[in-house]
Amino acid sequence: NKYILVIHGGAGTILKKNMDPAKEAAYVTQLTKALQKGYEVIRGGKTSLDAVEAAIRVLEDSPLFNAGKGAVFTHDGRNELDAAIMDGKTLGAGAIAGVTTIRNPISAARAVMEKSSHVMMIGLGAEKFARQCNLELVDPAYFYTRERWEGLQKALKEDSTKAVLDHGNKKSQRTEVAAYKDNKFG
Amino acid sequence: TVGAVALDKMGNLAAGTSTGGMTNKKYGRVGDSPIIGAGTYANNLTAAISCTGWGEFYIRSVVAHDVSAMMEYKGLSVAEASALALEKVAKLGGEGGIIALDKNGRIAMPFNTAGMYRGSVTENGKIEVEIYK
């Protein structure tokens with residue numbers, strides 16, 4: 001049987017002219033590392049779930065991507081993390097949202113799928129469940145990166161009512177979200 | 001946002017997505033990533049899908065399940081279904097990307113933004129990493 005792994009690290013205003021060679025090389029290195037990690041897992045006969053979790057953990061641990069360490073900041077200066085996982089064989093699924101102390105949210109989503117009768121848990125309850133499952137919990141400061149913190153300060157300075165896509169493009173900067181007069185800009 | 005979709009030696013598919021959300025977001029706003037059927041979906045009959053982009057539009061279009069449904073009910077390929085699902089997002093005014101992998105190992109990675117960090121590895125170990133359009 002074929003075995004294949006595909007990953008993404010986010011979409012948006014990612015332009016070669018804005019990217020310095022060192023930064024581009026760092027992204028390519030981390031994406032390659034995630035692919036290698038997941039490939040080792042499936043080549044070794046483990047499951048696609050194991051490969052998905054292994055690859056995403058690499059990207060969550062890298063400060064380059066908006067997930068886990070390196071996540072963006074909310075208006076209140078917090079890193080609120082979400083994750084989901086789904087098994088194509090059983091249609092089992094697990095998800096968590098709005099957590100701030102779980103080092104690898106994808107592993108918590110998988111624990112919800114495999115160790116509870118639920119599909120989704122949020123906030124403090126999800127963190128309590130993660131602790132019961134012996135997942136690694138960290139101080140919220142673990143997720144801090146200067147670049148994302150500066151991104152929040154910039155957004156607050158430009159207009160504190162606007163949420164920002166982690167790679168929003170010019171189009172999205174002007175798009176008005178009528179309901180809350182809440183523009184999006186990169 | 002980061003995501004992965006995989007097909008293993010037993011022929012089983014899986015999908016996963018993890019995110020920090022949006023800068024400066026308020027009120028406990030949650031995007032599509034943790035919503036099964038919106039940002040993340042997997043079904044051995046069709047495909048494994050992980051999305052990235054403007055979450056509100058992916059939730060409203062139920063994008064990840066939409067890709068699977070178009071494959072199951074209309075017999076579209078993973079590439080056709082992913083492209084069509086992304087078109088629906090764009091029509092609503094949203095932007096972003098999708099990675100999808102079907103049960104036969106066919107890959108689709110459409111996106112309607114300037115770039116998307118993405119990559120794949122096949123059973124012979126061949127790794128491809130892309131960033132720009």
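Remember, it's a predicted structure, so these values are computed and weren't measured experimentally. All chains are named by letter (A, B, ...) in the order of the sequence lines, taking the proteins before the strands, and each is independently numbered beginning at 1.
- Side-chain N or O atoms of B:Asn24 include none that pairs as donor or acceptor with a backbone N or O of A:Leu156 at under 3.5 Å.
- From B:Ser50, atom OG reaches atom CD1 of A:Ile56 across 6.0 Å, with rounding to the nearest 0.5 Å.
- Taking each heavy atom of B:Ala6 and A:Ala51 in turn, the nearest pair found is CB-CB, 4.1 Å.
- Under the 4.5 Å side-chain heavy-atom criterion for grouping Ile, Leu, Val, Met, Phe, Trp and Tyr, B:Met71 is connected to B:Leu86 within one hydrophobic cluster.
- In this structure, the side chains of B:Asn104 and A:Lys2 stay at 4.5 Å or more apart for every pair of heavy atoms.
- Hydrophobic clustering, with ILVMFWY side chains joined whenever heavy atoms are under 4.5 angstrom apart, groups B:Met116 together with B:Leu101.
- Using a 4.5 Å heavy-atom cutoff, the side chains of B:Asn12 and A:Thr47 are not in contact.
- With rounding to the nearest 0.5 angstrom, the OG1 atom of B:Thr23 is 9.5 Å from the NZ atom of A:Lys154.
- Under the 4.5 Å side-chain criterion, counting only non-hydrogen atoms from C-beta, B:Lys26 is not in contact with A:Thr74.
- In this structure, the separation between CD1 on A:Ile4 and CZ on B:Arg106 is 10.0 Å, given to the nearest 0.5 Å.
- Between B:Thr1 and A:His8, some side-chain heavy-atom pair lies under the 4.5 Å cut-off.
- The hydrophobic cluster containing B:Ile36 does not contain B:Val62, counting ILVMFWY residues as joined when their side-chain heavy atoms lie under 4.5 angstrom apart, directly or transitively.
- The side-chain contact (heavy atoms from CB on, under 4.5 Å) test with A:Val6 is passed by exactly one of B:Ile99, B:Thr122, B:Val121, B:Leu7: B:Ile99.
- Taking hydrophobic clusters as Ile, Leu, Val, Met, Phe, Trp and Tyr residues chained together by side-chain heavy-atom distances below 4.5 Å, A:Tyr39 does not share a cluster with A:Val58.
- Other residues, nucleotides and ligands contribute over 12 non-hydrogen atoms within 6.0 Å of the NZ atom of A:Lys69.
- Of residues 83-109 of chain A, those residues with a non-hydrogen atom less than 4.5 Å from any non-hydrogen atom of chain B are, in numerical order, A:Ala83, A:Ala84, A:Ile85, A:Met86, A:Asp87, A:Gly88, A:Lys89, A:Leu91, A:Ala93, A:Gly94, A:Ala95, A:Ile96, A:Ala97, A:Pro105, A:Ile106.
- Going from atom CG of A:Leu35 over to atom NZ of B:Lys126 covers 12.0 Å, rounded to the nearest 0.5 Å.
- Of the possible donor and acceptor atoms, one in the side chain of B:Asp8 sits under 3.5 Å from a partner among the backbone N and O of A:Ser48.
- A distance of 9.0 Å separates CG of A:Leu5 from CD1 of B:Ile127, quoted to the nearest 0.5 Å.
- Between B:Tyr117 and A:Phe65, the ring-plane angle classifies as perpendicular under the 30° and 60° cut-offs.
- In this structure, B:Lys9 forms a cation-pi arrangement with A:Tyr3, its terminal cationic atom sitting closer than 6.0 Å to the ring centre and no more than 45° off the ring axis.
- Residues A:Ala67 and B:Ser18 share a closest heavy-atom pair of CB-O, 3.5 Å.
- The heavy-atom pair separating B:Pro34 from A:Asp82 by the smallest distance is CG-CB, 3.5 Å.
- By the 4.0 Å N-to-carboxylate-O rule, A:Glu80 lies close enough to B:Lys25 to be salt-bridged with it.
- Contact of the A:Ile7 side chain with the B:Val2 side chain is not registered, since no non-hydrogen atoms from C-beta on lie closer than 4.5 Å.
- Atom CG of residue A:Leu15 and atom OG1 of residue B:Thr113 lie 9.5 Å apart, to the nearest 0.5 angstrom.
- Contacts between A:Glu53 and chain B at a heavy-atom distance below 4.5 Å are absent for every atom of the residue.
- Chain A forms more heavy-atom pairs under 4.5 Å with one residue of B:Gly55, B:Ala15, B:Gly31 than with any other, namely B:Ala15.
- For residues 110-142 of chain A, the interface with chain B (any heavy-atom pair closer than 4.5 Å) comprises A:Val119, A:Met120, sorted by residue number.
- In terms of modelled atom types and a separation under 3.5 Å, the side chain of B:Tyr132 and the main chain of A:Ile14 share no donor-acceptor contact.
- With contacts defined as side-chain heavy-atom distances shorter than 4.5 Å, the pair A:Val52/B:Val5 does not qualify.
- In terms of heavy-atom pairs under 4.5 Å with chain A, the best-connected choice from B:Ala64, B:Ala42, B:Ala47 is B:Ala42.
- For the set B:Gly105, B:Gly16, B:Ala4, B:Gly97, the count of heavy-atom pairs under 4.5 angstrom toward chain A peaks at B:Ala4.
- Note: the hydrophobic cluster containing B:Leu13 also contains B:Ile107 (ILVMFWY, side chain heavy atoms under 4.5 Å, direct or indirect links).
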